S.K.: 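Provided herewith is a single structure, encoded as structure tokens, for subsequent inquiry.
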Amino acid sequence: MNGEKSRGRPRHGHPNYSRYSNAFTIRGSGVRRQRPRTDAGGKSGPNTCRSATRFAADSVESNSFLKSDIDTRNTAFNAMIDEIEQVAIRSRAPLLLMGPTGAGKSQLARRIYELKRLKRQVKGPLVEVNCATLKGDGAMSALFGHRKGAFTGAAADRAGLLRTADTGVLFLDEIGELGLDEQAMILRAIEDKRFLPVGADREVASDFQLIAGTNRDLAACVADGTFRDDLYARLNLWTFALPGLAERREDIAPNLDYELDRHAEREGDRITFNKEARDRYLTFATSAEARWPGNFRDLAASVTRMATFSPAGRINLDCVTAEIARLQRLWRSGKAEADALSNLMTAEQLGALDPFDRVQLAHVVETCRACRSLSDAGRTLFAASRRQRTSTNDADRLRKYLARFDLSWADIAG
């Protein structure tokens, strides 16, 4: 899966909610599913074997649906999607989707909603909220609504996003950005299905199912007092961590095809690779050299650029070579290096590093995150030593290097 829109999803307009109109989206769903035929008397078949076969087929269909029909190959990711499919169908409890920006949380939330619609578990809309855009006094009004005259400028009643999501699904993306007051009201709305709009003296009801997304470590946010522990406990029943693209390199090829399909649907122009160009791009994209800090958003942007620069309909080797150079330029920034370390080390630890050690350690961390194991990372980082036969145990050498900075493979691979 990628981090953007799902293929074939109906488009709906955004409601005009003042300056917060870009903070959220409300979607219905046009998908419908035909009921399987039954025998007279309502029986599904002559024996339990046929029922079991149908159940298995439905499960595979649901699983593929959540992956937007992308033939993903990463074993851990596919196992996680199996679990999400079961939870989505069998539980109404909140889901928490964790993962880096661009890992596909928004698209997965949309597919979960559409699956619930297919199973007739919800009939209301999907309301998507980017909590990072809800700041200041207007956040309460946007989420919970207000009564006319509640504050200056409140010229009419406003339902609010939670009430709009009644009988549907509310997706709170970047929930870690909400203030503590908003978090408290969200918790009450989850547990009691009721909340108090701004300026109201009577509660209103809304029965929605919640999906939350975050790129933060909410447990750490609880520890530093920026996220409520009771809300975290409520969200933490079903938590799924989506891996970044660099952790799913075997899935780059099928997602490359998916992005080309999306481009064709969006632009009405079918673009393909010639074989040499495709092989060169995938060789780079699946190598440790390709960092993919923006994950599937980086991949989508890369495909869009190559397709745009291929008016004849074929992406050739020159186009791929130019795109690889462009990606390397975009990724070569000190900020990305600093971010790689800031998630692992305290400000005091970073301040104690010499600039040389900081640059070198950042490169080692990025390489480790792009590799599947400590041994794989060691072979990549000490490739020249291996060729010269001066290194006999690359994994142990890397382990000792990381220990100099009080780091371990488990800290980095997380």
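All residue numbers refer to positions in the sequence shown, counting from 1. Bear in mind that the values here come from a model prediction, so they are computed numbers and not experimental data. The basis for the numbers below is simple: all heavy atoms, side chains too, and nothing from hydrogens, waters or symmetry mates.
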S.K.: Can you tell whether the side chains of R117 and E114 come within less than 4.0 Å, N to carboxylate O?
M.R.: no
S.K.: Can a salt bridge be assigned to the pair R163 and D207 using a cut-off of 4.0 Å between side-chain N and carboxylate O?
M.R.: no
S.K.: F171 ring centre to R110 NZ or CZ under 6.0 Å, with the angle to the axis within 45°?
M.R.: no
S.K.: Tell me whether E259 is salt-bridged to R262, with the criterion being a basic N under 4.0 Å from an acidic carboxylate O.
M.R.: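 Salt bridge: yes.
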S.K.: Under 4.0 Å between a side-chain nitrogen and a carboxylate oxygen: does that hold for R194 and D192?
M.R.: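 Looking at D192 together with R194, the answer is no, because their closest N to O distance does not fall below 4.0 Å.
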S.K.: So, K67 and N78: side-chain donor and acceptor under 3.5 Å apart, yes or no?
M.R.: yes
S.K.: Under a 4.0 Å threshold between the charged nitrogen and the carboxylate oxygen, would K119 count as salt-bridged to E85?
M.R.: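 Looking at E85 and K119, the cut-off is not met.
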S.K.: Hey, is R270 close enough to D261 for a salt bridge, meaning N to O under 4.0 Å?
M.R.: yes
S.K.: Atom CZ of residue position R90 - does it have more than 12 heavy atoms of other residues, nucleotides or ligands inside 6.0 Å?
M.R.: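 Count not over threshold, so no.
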S.K.: Taking the six-membered ring of F208, is NZ or CZ of K193 closer than 6.0 Å to its centre and within 45° of its axis?
M.R.: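 Yes; both conditions hold, so K193 lies above the ring face of F208.
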S.K.: Under a plain distance cut-off of 3.5 Å, with no hydrogens placed, do Q360 and Y401 share a side-chain donor-acceptor pair?
M.R.: yes
S.K.: State whether E247 and R369 are salt-bridged, where the test is any N-O pair (Lys NZ or Arg NE/NH1/NH2 against Asp/Glu carboxylate O) under 4.0 Å.
M.R.: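 Looking at E247 and R369, the cut-off is not met.
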S.K.: Among pairs that include at least one residue of residues 175-195, which meet ring pair (Phe, Tyr, Trp, His ring centres under 6.0 Å), considering only residues two or more places apart or in two chains?
M.R.: F144-F195
S.K.: Inspect the contact between D279 and K275 and indicate whether a charged nitrogen and a carboxylate oxygen are less than 4.0 angstrom apart.
M.R.: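 Salt bridge present between K275 and D279.
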S.K.: Side chains of Q121 and Q209: do they bring a donor and an acceptor to under 3.5 Å?
M.R.: no
S.K.: For N215 and T101, which I'm curious about, is there any donor-acceptor pair between the side chains at under 3.5 Å?
M.R.: yes
S.K.: Going by atom types only, do D376 and S373 share a side-chain donor-acceptor pair under 3.5 Å?
M.R.: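 Not at all, the side chains of D376 and S373 share no donor-acceptor pair under 3.5 Å.
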S.K.: Do the charged groups of R216 and E177 touch, with an N to O distance under 4.0 Å?
M.R.: yes
S.K.: Going by side chain to side chain donor-acceptor pair (under 3.5 Å), name the pairs with one or both residues in residues 307-321, residues two or more places apart or in two chains.
M.R.: T272-R314
S.K.: In terms of ring plane angle, is the pair Y281 and F273 parallel, tilted or perpendicular, where the classes change at 30° and 60°?
M.R.: tilted
